[in-house]
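What follows is a set of notes on a single structure, which appears directly below.
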Amino acid sequence: MKVPVAILGATGYVGQRLVSLLADHPYFEIVRLVASPKSAGQSYGQRMAGNWQLSDCELPAQLSAAKIYAPEPLEEALGPAKLVFSALAMEKDEILKLEEEIARSERIVLSNNSAHRWTPDVPLLIPEINAQQLEVLAAQKRRLGTQKGFIIAKPNCSIQAYVPALTPLLDCGLEEVFVATYQAVSGAGKRLSDWPEMQENMIPYIGGEEEKSESEPLKVWGQIKAGQIEKAKAPIISAHCCRVAVPEGHSAVVSFKLKQKLSQAEILDRWAAFNRDLPSLGLPNAPENFLSYYAEADRPQAKLDLRSEKGMGISIGRLREDPIFDYKFVCLSHNTLRGAAGGSVLSAELLYRLGYFEE
């Protein structure tokens, strides 16, 4: 039997991605669509008429008649769901309380919100990079008083363009990183057609984004000590984040310094060899090639490379020496697939294969 799933925030951009990815999933079945009280009681098709934001897929026909539930009362909203994808737009304190309440009801929560990213016993999961952080769940369940219920957070979407490319270099003493990200409008839950001031423009500021870009990678690379995830002490990261007039796709320009100098060929070999284990599990959304390098001088590009590995791969290019640091490169990820909904679904697939949903 498939695992019954609820999607909180099903009418938003990330929620729509979750709906599209889970509608015909071999492991999971959507049993509840949850949104704000103003949407409650409507059918999903009725509510999304004229509001479906995904240009690369249509609203799944089998969910058009599905009823939208309000978040409260919670048990009615979640029904038989054992797995809950959380993508509601709420205040941080409200999300913290809601997601812990769901976990205490013995459900598994995969959160696309930022609220729990710095909770010490909540994994900040990128399955190819830090699946070992799942070991902290035993401590989290003790804190929550649960047998099966727990929370896993997904990292900020923009760091998933460059953190995967830097991870294979950590053992060479990654000391300093400078990164400038160029982030699509969908990262703000919008389309270019809905954001006139963004068209033909770049805005060199995204509130809170630079702080996340400088700190979250250190938790992704962190290790478990005494039932908590202790963030990595290095590298030092300096980030600048810009919003650009691109529908989807977050790009990053990265310079870095290593204690142990590598040649360009050695870096390319590390990227090519990195994480060959996850595809062997047969997860439906696991990329065969997590990191792909393009030798062309004008790649990667959002128009050409965004759908690499069904939007779940990381595209890298322009590796070259840097006159201040050691090397620099450009990378690209699909922000609503790899960076948001797809990353959460892949995490759920990993949990499924590891037996977390078994009775």
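When a residue number appears, it is its place in the shown sequence, counting from 1.
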[X] side, atom [atom1]; [Y] side, atom [atom2] - distance, nearest 0.5 Å:
X      : Y      : atom1 : atom2 : answer
Ser114 : Asn156 : OG    : CG    : 8.5 Å
Leu346 : Asn285 : CG    : CG    : 6.5 Å
Asp322 : Lys328 : CG    : NZ    : 4.5 Å
Leu319 : Gln264 : CG    : CD    : 4.5 Å
Glu321 : Ser255 : CD    : OG    : 12.0 Å
Ile151 : Ser111 : CD1   : OG    : 7.5 Å

_Qualifying residue for side chain to side chain contact (heavy atoms under 4.5 Å, CB included) with His334, from Met312, Gln160, Arg17_ =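 For His334, the side chain to side chain contact (heavy atoms under 4.5 Å, CB included) check succeeds only for Arg17.
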_Passing candidate, side chain to side chain contact (heavy atoms under 4.5 Å, CB included) with Trp221, options Leu124, Leu166, Asn130_ =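 The residue from Leu124, Leu166, Asn130 that satisfies side chain to side chain contact (heavy atoms under 4.5 Å, CB included) with Trp221 turns out to be Leu166.
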When clusters are formed by joining ILVMFWY residues with side-chain heavy atoms under 4.5 Å apart, either directly or through shared neighbours, do [X] and [Y] land in the same one?
X      : Y      : answer
Leu281 : Phe274 : no
Val109 : Leu18  : no
Leu283 : Leu337 : yes
Val220 : Ile224 : no
Leu63  : Val34  : no

*With sequence neighbours left out, write down each residue that passes ring-ring contact (aromatic ring centres under 6.0 Å, His included) with Tyr294, or none if nothing qualifies.*
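Listed in chain order: nothing, the list is empty.
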*Name all residues meeting the ring-ring contact (aromatic ring centres under 6.0 Å, His included) criterion together with Phe150; count only those two or more places apart in sequence or in a different chain, and write none if there are none.*
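If we apply the ring-ring contact (aromatic ring centres under 6.0 Å, His included) test to Phe150, skipping adjacent residues, the hits are Tyr356.
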*Do the charged groups of Lys225 and Glu230 touch, with an N to O distance under 4.0 Å?*
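Yes, Lys225 and Glu230 are salt-bridged.
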N/O donor-acceptor pair under 3.5 Å between [X] side chain and [Y] backbone:
X      : Y      : answer
Lys231 : Trp118 : no
Arg32  : Glu76  : yes
Gln42  : Lys38  : yes
Glu135 : Gly227 : no
Asp326 : Leu258 : yes
Ser186 : Gly189 : no
Asp194 : Lys190 : no
Gln16  : Gln53  : yes
Ser105 : Ile102 : yes
Ser213 : Ala239 : no

*Would you please test Gln147 and Glu106 for side chain to side chain contact (heavy atoms under 4.5 Å, CB included) and show each step?*
CA-CA 7 Å; Gln147 295 295 316; Glu106 298 295 355; 4.0 Å; yes
*Identify, with sequence neighbours excluded, every residue that meets side-chain hydrogen bond (donor to acceptor under 3.5 Å, both in side chains) alongside Ser39.*
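Partners of Ser39 under the side-chain hydrogen bond (donor to acceptor under 3.5 Å, both in side chains) test: Arg47.
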Of all the heavy-atom pairs spanning [X] and [Y], show the shortest one and how long it is.
X      : Y      : value
Ala348 : Leu110 : CB-CD1, 3.4 Å
Ala341 : Asn112 : N-OD1, 3.9 Å
Ile159 : Pro164 : O-CD, 3.8 Å

*Might you work through the side chain to side chain contact (heavy atoms under 4.5 Å, CB included) test for Ile108 and Val84, ending with a clear yes or no?*
CA-CA 6 Å; Ile108 293 173; Val84 178; over 6 Å; no
*Please say which of His116, Gln228, Arg143 ends up in a side-chain hydrogen bond (donor to acceptor under 3.5 Å, both in side chains) with Asp121.*
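Answer to the side-chain hydrogen bond (donor to acceptor under 3.5 Å, both in side chains) test with Asp121 among His116, Gln228, Arg143: Arg143.
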*Linking directly or through intermediates, with side-chain heavy atoms under 4.5 Å: list the remaining ILVMFWY members grouped with Val253, chain and number order.*
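ILVMFWY cluster around Val253 also holds Tyr182, Met202, Val244, Val246, Val330.
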_Starting from Phe178 and following side-chain heavy-atom contacts under 4.5 Å between hydrophobic residues (I, L, V, M, F, W, Y), which residues can be reached?_
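Direct or chained contacts put Phe178 with Ile324, Phe325.
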Do other residues, nucleotides or ligands put more than 12 heavy atoms under 6.0 Å from the [atom1] atom of [X]?
X      : atom1 : result
Lys257 : NZ    : no
Glu58  : CD    : no
Gln62  : CD    : yes
Ile236 : CD1   : no

*Hey, could you give me each pair passing side-chain hydrogen bond (donor to acceptor under 3.5 Å, both in side chains) that has a residue in residues 306-318? Not counting sequence neighbours.*
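For residues 306-318: Asp56-Arg307, Asn289-Glu309.
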_Of all pairs that satisfy side-chain hydrogen bond (donor to acceptor under 3.5 Å, both in side chains), the ones with a partner from residues 79-92, not counting sequence neighbours_ =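 Qualifying pairs: Lys82-Glu359, Ser86-Glu99, Ser86-Asn113.
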Can you list every salt bridge (Lys or Arg N to Asp or Glu O under 4.0 Å) pair that touches [range], not counting sequence neighbours?
range            : value
residues 334-356 : Glu128-Arg338
residues 259-270 : Asp171-Arg270
residues 203-214 : none

*Report the C-alpha distance between Ile206 and Cys242 in whole Å, list the side-chain angles of each, state the deciding distance to 0.1 Å, and finish with yes or no for side chain to side chain contact (heavy atoms under 4.5 Å, CB included).*
CA-CA 6 Å; Ile206 306 172; Cys242 305; 5.8 Å; no
*How about Pro217 and Ile237: do any of their side-chain heavy atoms sit closer than 4.5 Å?*
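Result yes, sub-4.5 Å side-chain heavy-atom pair found.
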*asked:* Contact between Arg107 and Leu83 at the side-chain level, heavy atoms closer than 4.5 Å - yes or no?
replied: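 Arg107 vs Leu83: side chains apart.
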*Could you go through the side chain to side chain contact (heavy atoms under 4.5 Å, CB included) check for Trp271 and Phe329 one step at a time?*
CA-CA 12 Å; Trp271 284 342; Phe329 63 90; 4.0 Å; yes
*asked:* For the residue pair Ser158 / Asn335, report whether a side-chain donor-acceptor contact shorter than 3.5 Å exists.
replied: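 On atom types as modelled, these side chains do not qualify, holding no pair under 3.5 Å.
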Going by atom type alone, with no hydrogens or angles, which donor-acceptor pairs under 3.5 Å involve a side-chain atom of residues 1-15 and a protein atom two or more places apart or on another chain?
residue, atom, partner, partner atom, Å
Lys2, NZ, His25, O, 2.8
Tyr13, OH, Glu248, OE2, 3.1

*Determine which pairs satisfy ring-ring contact (aromatic ring centres under 6.0 Å, His included) with at least one residue from residues 42-89, sequence neighbours left out, and list them in order.*
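Sorted pair list comes back empty.
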